[in-house]
Amino acid sequence: MTLQQSRRLQSLLLGTLAWAIAILIFFPIFWMVLTSFKTEIDAFATPPQFIFTPTLENYLHINERSNYFAYAWNSVVISFSATALCLLISVPAAYSMAFYETKRTKGTLLWMLSTKMLPPVGVLMPIYLLAKSMGLLDTRIALIIIYTLINLPIVVWMVYTYFKDIPKDILEAARLDGATLWQEMVRVLLPIAKGGLASTVLLSLILCWNEAFWSLNLTSSNAAPLTALIASYSSPEGLFWAKLSAVSTLACAPILIFGWISQKQLVRGLSFGAVK
């Protein structure tokens, strides 16, 4: 076997492996969407049916039973607000740790990341009592604050990593030209790191959009996002798989579309600093 043939075989094997992994990851989403167009009888059929008569009755049921757009609007407001607040806090924090590093910087970053290891249920009661005493139960503000705090360690780590890949000489040159701290941040640092920041924003939005534990425990109706709407289709009578698949499809569709549109920035951000 020649070197060229060996490379072609290696490329073919890697391509096949990549497609296999992609199909494996995508199949649950495909099956969820497929099930949403089935009747409940078809959804429970054994063996599973790939050929059936599609129906929109599940989506019509959701429209009649609940106000989907109210839940979706809550998800949009909470996710985008929490992401914006998270970025507002993490950028200055990551800037100070990346360009003014001390011997405690690594320890601080590790401590921040270690807070993600705490089970949410371990702090549910004190946070619930705090929200109740402050009149924040079933409000968007409560979820925005909670989502900001739980995602802040990851966002700070990501932004810190992107900032560390930026040569300090660029910032020093800006200072020699008379740039203030604000100008250095807005006109030099953020434009260079915009790819990394875009991927960070997208990840934060996904985490906020998919968060279910706190939305189920701190909201009931007024501020309930789409994750609460999905949970409402679990009843004592059992799970209605077709309707559950339909409401899950409606909940996932906006963030999937947003991720598809932003995939270029996401890939650029994840590979930021990989090639010098």
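Predicted model, so just to flag it, every value in this text is computed and none were measured. By convention here, the first residue in the shown sequence is residue 1.
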Under a single-linkage definition using a 4.5 Å side-chain heavy-atom cutoff for Ile, Leu, Val, Met, Phe, Trp and Tyr, are Tyr100 and Val156 assigned to the same hydrophobic cluster?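 Each belongs to a different hydrophobic cluster.
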Strictly distance-based, threshold 3.5 Å: is any side-chain N or O of [X] a donor or acceptor partner for the main-chain N or O of [Y]?
X      : Y      : answer
Asn222 : Asp138 : no
Ser232 : Leu229 : yes
Gln183 : Thr180 : yes
Ser81  : Ile78  : no
Thr148 : Ile144 : yes
Ser11  : Arg8   : no

With a 4.5 Å heavy-atom cut-off, do [X] and [Y] have their side chains touching?
X      : Y      : answer
Val186 : Trp182 : yes
Lys116 : Ile154 : yes
Leu190 : Val91  : yes
Ser90  : Leu152 : yes
Leu216 : Thr227 : no
Val201 : Leu87  : yes

Just checking [X]: does its [atom1] atom have more than 12 heavy atoms from other residues, nucleotides or ligands closer to it than 6.0 angstrom?
X      : atom1 : answer
Ile141 : CD1   : no
Arg175 : CZ    : yes
Lys132 : NZ    : no
Phe69  : CZ    : no
Leu118 : CG    : yes

Measure the spacing between CG of Leu24 and CH2 of Trp19 and express it to the nearest 0.5 Å.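 Leu24 atom CG to Trp19 atom CH2 measures 14.0 Å (nearest 0.5 Å).
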Measuring from Lys243:NZ to Ser36:OG, what's the distance to the nearest 0.5 Å?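 Rounded to the nearest 0.5 Å, the NZ-OG separation comes to 12.0 Å.
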Among pairs that include at least one residue of residues 84-104, which meet salt bridge (Lys or Arg N to Asp or Glu O under 4.0 Å), considering only residues two or more places apart or in two chains?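 Qualifying pairs, neighbours excluded: Glu101-Lys164.
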Please give me the minimum heavy-atom distance between Trp209 and Ala72, naming the atom from each residue.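 Result for this residue pair: CH2-O, 4.5 Å.
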Is the [X] ring parallel, tilted or perpendicular to the [Y] ring (thresholds 30°, 60°)?
X      : Y      : answer
His61  : Tyr233 : perpendicular
Phe27  : Phe30  : tilted
Phe163 : Tyr95  : perpendicular

Taking the six-membered ring for Trp, is the centroid-to-centroid distance between Trp73 and Tyr68 below 6.0 Å?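 That pair fails the under 6.0 Å test.
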Stepwise ring-ring contact (aromatic ring centres under 6.0 Å, His included) check, Tyr128 with Trp214: CA-CA 9 Å; Tyr128 181 88; Trp214 293 107; 9.9 Å; no
